[in-house]
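Just so it is clear: chains get the letters A, B, ... in the order the sequence lines come, proteins before strands, and each one is counted from 1.
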Protein chains: 2
Amino acid sequence: MNQHLQPVISTASSRIYETLRRDLVGGRFAAGEKLAINALKDHYHVGLSPLREALNKLAAYGLLIQENQRGFRVPTLSRSELDDIANMRLELEGMAFERAIQHGDDVWEAELLAAAHRLKRADLSLEKGEEWEVLHSQFHRTLVAPCGSVWLLRFIEQLHDQFDRYRRLGPKIPTVRQTLDEQHHELVELALQRDSKAARALLDDHIHKSYQVALKRYQEHA
Amino acid sequence: MNQHLQPVISTASSRIYETLRRDLVGGRFAAGEKLAINALKDHYHVGLSPLREALNKLAAYGLLIQENQRGFRVPTLSRSELDDIANMRLELEGMAFERAIQHGDDVWEAELLAAAHRLKRADLSLEKGEEWEVLHSQFHRTLVAPCGSVWLLRFIEQLHDQFDRYRRLGPKIPTVRQTLDEQHHELVELALQRDSKAARALLDDHIHKSYQVALKRYQEHA
DNA sequence: TTATACATAATAATCGATTTTTTAACTGAC
DNA sequence: GTCAGTTAAAAAATCGATTATTATGTATAA
């Protein structure tokens with residue numbers, strides 16, 4: 001069932017990479033903050049070499065800024081960047097979703113239903129911790145998975161991580177969240193009906209509502 | 001004049017990164033090849049730490065494949081991936097060019113003309129070495145620069161590097177190349193006239209012709 | 001032969017220490 | 001007091017060596 005049995009073998013470097021990625025996306029570092037490498041080393045109990053390799057990867061991925069001779073910083077947040085990210089999500093995820101609806105087979109349909117179901121269970125618990133976040137990412141990944149473009153999927157993944165830096169700034173807003181949760185199931189419905197047009201429209205709306213949430217977070221954050 | 005006076009300060013890590021990026025894009029490594037880190041270390045005269053940091057960045061960027069406990073490999077080439085990359089270029093560069101034409105100011109117009117002029121001088125010399133490649137990249141970067149989206153530019157840059165792994169597989173084909181060279185000037189023309197529609201159509205054609213070249217290279221490569 | 005277990009060589013990953021560079025603190029002249 | 005120059009402390013980058021893992025070779029048994 002587990003499609004990527006890759007990380008059975010892990011290295012210190014790959015583990016700390018994944019940990020730091022989660023923590024950066026989850027907002028456990030302040031935007032603009034300069035990372036004290038030695039402090040990180042102690043905090044995460046890793047050696048300097050694997051830590052630096054992870055930081056280099058995160059910088060290439062866009063979750064850190066690297067400046068020669070002065071280490072690594074957490075990227076700052078800005079309204080204009082949030083707009084940029086949300087717009088790119090609209091374009092790329094819309095494109096991918098339409099293609100996925102065209103190409104997705106019955107295995108995909110089953111995976112979609114499964115992903116939506118797992119997410120709904122987590123929705124109900126109202127305890128939206130890291131586990132909900134994982135299921136939520138997984139759901140959106142599944143939605144576009146059979147789009148046929150490896151690079152498109154890669155870019156979308158990257159944009160999601162960037163977007164979540166804004167969305168996860170503050171505490172959850174239950175009322176808006178509920179609408180968004182309901183849309184997940186409607187997205188599956190339209191996908192199964194192969195209604196590209198309506199599906200894309202709903203996804204656009206979904207991303208736009210998420211954007212409103214993220215923007216609110218960002219503005220209340222200051 | 002030089003807008004990014006950033007890499008005045010460089011580190012061993014950033015230097016070897018840039019060198020390896022160029023060599024990977026320029027096809028100086030065989031597709032699928034496993035990199036012998038020690039050999040690289042000797043060949044490029046760098047230490048292990050900066051080399052590994054560069055390799056990690058290149059893997060995150062997509063120019064290398066990293067497998068835990070078994071180092072780094074050059075990604076293989078495939079028809080389907082070339083198709084994917086070319087399609088994504090069509091979508092993203094088209095989008096970016098249209099936006100650039102909407103937002104670009106008179107400074108952009110001047111830079112466009114300058115970039116096209118420099119490229120033409122290199123075209124004429126028929127000696128299309130690394131210098132031509134740099135000017136060519138710079139031209140295409142300028143074309144889309146004022147599109148307003150940092151992330152879009154980032155993705156396009158990445159796709160260009162990936163595309164060039166195919167385009168630069170074999171020797172130049174003068175006849176096709178000449179058509180492509182001429183299109184560069186026509187692209188500037190249409191951009192200055194702010195004719196989004198025609199400009200995008202020509203860019204589509206330009207990318208498509210480049211794709212044909214890259215595909216030929218790839219097929220003759222085997 | 002073919003397969004399996006073991007030993008050996010090669011390579012990747014990591015550690016601990018050193019070197020280099022930047023940042024902060026200090027000093028004295030104006 | 002402020003500013004340039006100097007020194008001290010901190011941090012980043014790099015090196016050389018060690019450890020862990022994988023790949024290779026060889027001998028032995030089925």
Side-chain angles (χ1 to χ4, degrees), chain A residues 4-24 28-76, chain B residues 4-24 28-76:
Chain A
H4 41 173
L5 51 156
Q6 199 179 28
V8 173
I9 28 178
S10 75
T11 60
S13 174
S14 66
R15 278 193 302 272
I16 187 61
Y17 171 83
E18 196 43 45
T19 304
L20 280 172
R21 193 193 62 78
R22 272 213 312 275
D23 289 353
L24 284 163
R28 275 196 265 287
F29 294 92
E33 177 184 351
K34 179 164 174 354
L35 295 189
I37 299 191
N38 267 324
L40 288 182
K41 186 172 77 77
D42 297 342
H43 180 50
Y44 290 103
H45 304 292
V46 285
L48 195 60
S49 308
L51 176 57
R52 284 191 59 92
E53 292 192 2
L55 294 174
N56 271 282
K57 267 190 282 200
L58 288 163
Y61 184 66
L63 280 174
L64 286 177
I65 305 289
Q66 182 170 25
E67 285 164 312
N68 286 341
Q69 314 285 16
R70 55 195 65 175
F72 299 85
R73 285 187 307 104
V74 180
T76 55
Chain B
H4 41 170
L5 49 156
Q6 197 178 30
V8 173
I9 27 178
S10 73
T11 61
S13 175
S14 66
R15 277 192 303 271
I16 187 61
Y17 171 84
E18 198 39 49
T19 304
L20 281 172
R21 193 194 62 78
R22 271 212 313 275
D23 288 353
L24 284 163
R28 275 195 264 287
F29 293 93
E33 178 185 350
K34 179 163 176 351
L35 294 188
I37 300 193
N38 270 325
L40 287 182
K41 186 172 77 74
D42 297 342
H43 180 49
Y44 290 103
H45 304 292
V46 284
L48 196 60
S49 308
L51 176 58
R52 284 190 60 91
E53 293 192 2
L55 295 174
N56 271 281
K57 267 190 281 199
L58 288 163
Y61 183 66
L63 281 174
L64 287 178
I65 307 288
Q66 182 169 26
E67 285 164 313
N68 286 342
Q69 313 286 15
R70 52 194 68 175
F72 298 86
R73 286 187 308 103
V74 180
T76 55

Fill in: Between CZ on residue B/Phe29 and CG on residue B/Leu35, distance to nearest 0.5 Å
6.0 Å
Discussion item. Output the rounded distance in Å from CG (A/Asn68) to C1' (D/dA11).
Written reply: 15 Å
Worksheet, complete the sentence: Heavy-atom nearest nucleotide on DNA chain D taken for B/Ala12 and for B/Leu48; more 5' hit belongs to B/Ala12
Item to complete: State, yes or no, whether a side-chain contact exists between A/Arg52 and B/Ser49 at a heavy-atom distance under 4.5 Å.
Response: no
Worksheet item: Across the strands shown, which category fits B/Leu35 at heavy-atom distances under 4.0 angstrom: base, sugar-phosphate, nothing?
Response: sugar-phosphate
Worksheet item: Base, sugar-phosphate, or nothing: which does A/Ser49 touch, judged by heavy atoms less than 4.0 Å apart?
Response: base
Worksheet, complete the sentence: When rounded to whole Å, the CD to P distance for the pair B/Glu67 and D/dA23 reads 9 Å
Item to complete: Measure from CZ on B/Arg15 to C1' on D/dA12 and round the result to the nearest Å.
Response: 14 Å
Worksheet item: So, B/Ser14 side chain and B/Ser10 main chain: donor-acceptor pair closer than 3.5 Å or not?
Response: no
Response to the item:
Taken to the nearest whole Å, CG/B/Asn56 to C1'/D/dA13 is 15 Å
Worksheet entry | Atom-to-atom span, CD of A/Glu53 to C1' of C/dA12 - whole angstrom | 10 Å
Item to complete: Round to a whole Å and report the spacing from OH of A/Tyr44 to P of C/dT14.
Response: 17 Å
Worksheet, complete the sentence: B/Gln69 CD to C/dA12 P, in whole Å, measures 11 Å
Discussion item. Both B/Arg70 and A/Val46 contact DNA chain C. Taking the nearest nucleotide for each, which residue is further toward the 5' end?
Written reply: B/Arg70
Discussion item. Just so I know, are the side chains of B/Leu20 and B/Leu51 near enough to count as touching, which here means a heavy-atom distance under 4.5 Å?
Written reply: yes
Worksheet item: For A/Lys34 and D/dA12, is the shortest distance between a side-chain N/O and OP1 or OP2 below 4.0 Å?
Response: yes
Discussion item. Tell me whether the side-chain N/O atoms of B/Arg52 come closer than 4.0 Å to OP1 or OP2 in C/dA13.
Written reply: yes
Worksheet entry | Whole-Å gap separating C1' (C/dG16) and CG (A/Asn38) | 12 Å
Worksheet item: Relative to each other, are the rings of A/Tyr17 and A/Tyr61 parallel, tilted or perpendicular (30° and 60° limits)?
Response: perpendicular
